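Have a look at the structure below, then the notes.
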Amino acid sequence: MSSFAIFVTVTLKPGTGDHFRPHILKNAEASQRDEPDCHLFKVMTDEDNPDIYYFYEVYSDAAALDHHRQQPHFLKFREATADMVLDRDVKRCTVLA
């Protein structure tokens, strides 16, 4: 059975990558710990630009992502980092293997 995933690219305001990091790591940890339908949440940074982050998130289905976006830890993360984000690109994917 396939699952649902997103691949997110977040471009931050210059110089904010280090401040952003603890917020996204806390959100990713809480997502995997507290959301049974969040199977994977990987956080990566660009090798050449510390103000670009990538997330790879795998959920049981698209409804689980909607549920994730309503959780207190996600809402707190979004509020704490909103002024750091220049751009956010979300690709919706089906995991085949």
Side-chain angles (χ1 to χ4, degrees):
M1 180 176 178
S2 62
S3 45
F4 176 79
I6 57 173
F7 189 83
V8 182
T9 302
V10 175
T11 303
L12 302 171
K13 292 178 183 173
T16 61
D18 286 343
H19 186 62
F20 183 84
R21 180 174 302 202
H23 297 288
I24 187 55
L25 293 178
K26 187 173 183 178
N27 178 55
E29 179 183 347
S31 298
Q32 286 196 267
R33 180 188 65 228
D34 300 339
E35 299 174 41
D37 288 317
C38 177
H39 305 292
L40 184 70
F41 196 130
K42 294 292 185 182
V43 178
M44 300 152 280
T45 56
D46 190 271
E47 190 172 90
D48 298 320
N49 185 340
D51 295 323
I52 297 177
Y53 277 73
Y54 306 104
F55 316 147
Y56 177 60
E57 305 171 41
V58 179
Y59 298 90
S60 297
D61 51 32
L65 174 62
D66 293 338
H67 176 77
H68 164 71
R69 290 178 172 163
Q70 298 170 16
Q71 298 308 298
H73 60 86
F74 176 79
L75 297 173
K76 184 176 180 179
F77 157 74
R78 285 295 286 251
E79 182 180 339
T81 62
D83 63 336
M84 297 179 221
V85 176
L86 289 177
D87 186 52
R88 179 180 288 109
D89 180 60
V90 180
K91 303 292 187 208
R92 298 168 69 94
C93 310
T94 300
V95 179
L96 302 177

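Keep in mind that what you see is a predicted model, and the values were worked out from it rather than measured.
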Let me confirm one number: the [atom1]-[atom2] distance from [X] to [Y], rounded to the nearest 0.5 Å.
{"X": "Lys42", "Y": "Phe7", "atom1": "NZ", "atom2": "CZ", "result": "13.5 Å"}
{"X": "Thr11", "Y": "Met84", "atom1": "OG1", "atom2": "CE", "result": "14.5 Å"}
{"X": "Met44", "Y": "Ile52", "atom1": "CE", "atom2": "CD1", "result": "13.0 Å"}
{"X": "Leu40", "Y": "Glu57", "atom1": "CG", "atom2": "CD", "result": "9.0 Å"}

* Would Arg21 and Thr45 count as a side chain to side chain contact (heavy atoms under 4.5 Å, CB included) if you check the C-alpha gap in whole Å, the side-chain angles of each, and the deciding distance to 0.1 Å? -> CA-CA 9 Å; Arg21 180 174 302 202; Thr45 56; 3.7 Å; yes
* Could you name each residue pair satisfying side chain to side chain donor-acceptor pair (under 3.5 Å) that touches residues 72-81, not counting sequence neighbours? => Asn27-His73, Glu35-His73
Just wondering, do [Y] and [X] contact through their side chains at under 4.5 Å, heavy atoms?
{"X": "Val58", "Y": "Cys93", "value": "no"}
{"X": "Val8", "Y": "Asp89", "value": "no"}
{"X": "Leu65", "Y": "Arg69", "value": "yes"}
{"X": "His39", "Y": "Ser60", "value": "yes"}

* Quick one: does Tyr53's side chain have a donor or acceptor within less than 3.5 Å of a partner on Gly17's backbone? -> yes
* To do: Would you name the heavy atoms of Pro14 and Asp51 that are closest together and state the gap between them?
  => CA-OD2, 3.3 Å
* Do you know which two heavy atoms are closest between Ser31 and Cys38, and how far apart they sit? -> O-CB, 3.6 Å
* Asked: Applying ring-ring contact (aromatic ring centres under 6.0 Å, His included), which residue pairs with at least one partner in residues 74-95 are found, sequence neighbours left out?
  -> Phe20-Phe77, His68-Phe74
* To do: Check the pair Asp37, Asp61 against side chain to side chain contact (heavy atoms under 4.5 Å, CB included), reporting the backbone distance first and the verdict last.
  => CA-CA 8 Å; Asp37 288 317; Asp61 51 32; 5.6 Å; no
* Evaluation steps, side chain to side chain contact (heavy atoms under 4.5 Å, CB included), between Tyr56 and Val95 -> CA-CA 11 Å; Tyr56 177 60; Val95 179; 3.8 Å; yes
* Asked: Would you say Leu75 and Phe41 are hydrophobically clustered, going by side-chain heavy atoms of ILVMFWY under 4.5 Å?
  -> yes
* Linking I/L/V/M/F/W/Y whenever their side-chain heavy atoms sit closer than 4.5 Å, directly or via other members, would Val90 and Tyr59 fall into one cluster? -> yes
* Would you check, one step at a time, whether the test side chain to side chain contact (heavy atoms under 4.5 Å, CB included) holds for Phe55 with Ile6? => CA-CA 8 Å; Phe55 316 147; Ile6 57 173; over 6 Å; no
